[in-house]
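Note that the structure is a prediction, hence the values are computed from the model and not measured.
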Amino acid sequence: MIVGLQTDVPCKRAMMPNGGWRMVEQAIKEAGKEPDPEIKKIFTRYRKTHNDGVFGVYTKNIKVARHNKILTGLPDAYGRGRIIGDYRRVALYGVDTLIKFKQRDKDAIPYRNDFSETEIEHWIRYREEHDEQIKALKKLIVLGKEYGLDLARPAMNAKEAVQWTYMGYLASIKSQDGAAMSFGRVSAFFDIYFERDLKEGKITETDAQEIIDNLVMKLRIVRFLRTKDYDKIFSGDPYWATWSDAGFGDDGRTMVTKTSFRLLNTLTLEHLGPGPEPNITIFWDPKLPEAYKRFCARISIDTSAIQYESDKEIRSHWGDDAAIACCVSPMRVGKQMQFFAARVNSAKALLYAINAAATR
């Protein structure tokens, strides 16, 4: 019911050398294969990777801290950026309208003869980046056509709303391998379409559950090429397709919907059962509907497959349209990005600080 694969067959690992070649090469060799020499040439000679850019801006002190293991983190060459795209916009507006929005934004700052050198540089970069975004949106329309979907227009029903939203997400996981590829906060959005279709008799509750089941199955068969070092850090094979749900709106209304129940139902032992993806994060508050809290408790006892964060704390900092990037970090959907830097070896940092103080 929901179509679209990250690679040509389910569960085939996607190679993402734009992030960094060294980790890709290592993972290929660990799998008992040899990398294509032409691909290696492209990503070591002609194409600057994300990892090259990161190390190019590191200061001497940062490199020393990394070398001495004061700063630790993910293996080198792993994409450090976290972005939660607002994939709902594909369904709500259709891509043609999104392109018009981007063209409007591109032309919003006219050139002036009195620009300083810094302003000229910013203006050129601003227009060039918007031009790249417009090209990407046009490619999204092409991706939809490969599956017989007209993403140029808005979604017209619940099935299309889920499908269109997923296609926006699919375009992301086909092209990038970030420190997380979160799905966002979509249950309440989907529920608007489901409720309309249910009232008009176009679908049954069984149909609605099946659509969510199909979406969850699609999220579970995504795979990225990983190294053994990566597998040592994480259990399972996660890519952090975090789906945030529940909580309250700023107006005091709960964001728990029927689709919130449908999503949890996929985890039940009687249904699809638990899995590492999507990484379901509940924005918790004691005032959430009692039936929903009890359902969460039942699934947590049975499967340990849900994580919880404070809705009050998140909403006070990021508003009521926030979601979790990776495993715990909130951000405003479609409006912010995070740079996953590193973890600090607190004990070693404290030891260095004490020894430095003792030598002064």
Side-chain angles (χ1 to χ4, degrees), residues 1-7 9-12 87-88 90-91 144 147-149 151 155-174 181-223 236-246 255-282 291-292 294-307 323-324:
M1 295 187 70
I2 301 301
V3 300
L5 293 177
Q6 177 204 24
T7 50
V9 294
C11 297
K12 183 177 182 178
Y87 308 112
R88 301 166 300 188
V90 179
Y147 292 95
L149 308 172
L151 301 183
M156 304 301 291
N157 52 52
K159 182 180 175 182
E160 286 190 353
V162 174
Q163 179 70 75
W164 268 226
T165 302
Y166 171 66
M167 292 306 286
Y169 181 74
L170 181 64
S172 292
I173 59 175
K174 276 179 171 289
M181 299 301 296
S182 296
F183 193 51
R185 199 169 181 183
V186 294
S187 293
F189 175 74
F190 288 158
D191 211 68
I192 295 169
Y193 293 87
F194 279 123
E195 283 298 291
R196 184 177 66 181
D197 285 3
L198 286 166
K199 288 178 181 178
E200 294 179 357
K202 294 180 179 178
I203 61 172
T204 65
E205 181 55 51
T206 300
D207 297 327
Q209 183 66 58
E210 186 177 8
I211 291 171
I212 296 300
D213 289 350
N214 271 254
L215 175 59
V216 167
M217 285 189 282
K218 283 294 185 296
L219 297 176
R220 287 185 178 184
I221 61 176
V222 172
R223 295 291 186 274
D237 196 7
Y239 66 101
W240 307 114
T242 302
W243 184 327
S244 304
D245 208 347
M255 294 179 71
V256 172
T257 63
K258 290 180 184 177
T259 300
S260 302
F261 281 87
R262 294 174 188 126
L263 176 62
L264 291 184
N265 195 44
T266 66
L267 296 174
T268 59
L269 299 177
E270 303 86 5
H271 211 62
L272 299 183
E277 306 297 352
N279 175 32
I280 298 175
T281 302
I282 304 302
Y292 184 73
R294 288 183 177 275
F295 197 21
C296 287
R298 174 197 154 190
I299 293 175
S300 290
I301 291 169
D302 289 344
T303 71
S304 300
I306 307 175
Q307 72 173 21
I324 301 301

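- What you find for Leu198 and Ile203 is that their closest heavy atoms are CD2-O, 3.5 Å.
- Residue pairs meeting the side-chain hydrogen bond (donor to acceptor under 3.5 Å, both in side chains) criterion with at least one member in residues 209-221, sequence neighbours excluded, are Gln209-Asp213, Gln209-Asn265, Asp213-His271.
- Within the structure, salt bridge (charged side-chain N to carboxylate O under 4.0 Å, His left out) pairs that include any residue of residues 192-206 comprise Glu195-Lys258, Glu200-Lys202, Glu205-Arg262 (at least two apart or interchain).
- Put simply, the side chain of Gln6 gets close to the backbone of Arg223: a donor and an acceptor are under 3.5 Å apart.
- Here the side chains of Met167 and Val90 are not in contact, with every heavy-atom distance at 4.5 Å or above.
- For Phe190, the ring pair (Phe, Tyr, Trp, His ring centres under 6.0 Å) criterion is met by no residue, not counting sequence neighbours.
- Counted within 6.0 Å of CE on Met156, heavy atoms from surrounding residues, nucleotides or ligands total 12 or fewer; the atom is thus considered open.
- Scanning all heavy atoms of the two residues, the minimum distance from Leu263 to Pro278 falls at CD1-CG, 4.5 Å.
- By the 30° and 60° cut-offs, the orientation of the rings of Tyr87 relative to Tyr169 is perpendicular.
- Using a 3.5 Å distance cut-off with no hydrogens or angles, the side chains of Ser187 and Trp243 do pair a donor with an acceptor.
- Nearest heavy-atom pair across Pro274 and Ala305 is CB-CB, 3.8 Å.
- The side chain to side chain donor-acceptor pair (under 3.5 Å) check on Thr204 picks up Asp207, with sequence neighbours excluded.
- No donor-acceptor distance shorter than 3.5 angstrom exists from the side chain of Gln163 to the backbone of Lys159, with no hydrogens or angles considered.
- Remark: Lys174 pairs with no residue by the salt bridge (charged side-chain N to carboxylate O under 4.0 Å, His left out) rule, at least two apart or across chains.
- We find the CG-CD1 distance between Asp245 and Ile324 to be 12.0 Å, quoted to the nearest 0.5 Å.
- In terms of the side chain to side chain donor-acceptor pair (under 3.5 Å) criterion, residue partners of Ser300 (sequence neighbours excluded) are, by chain and number, Tyr308.
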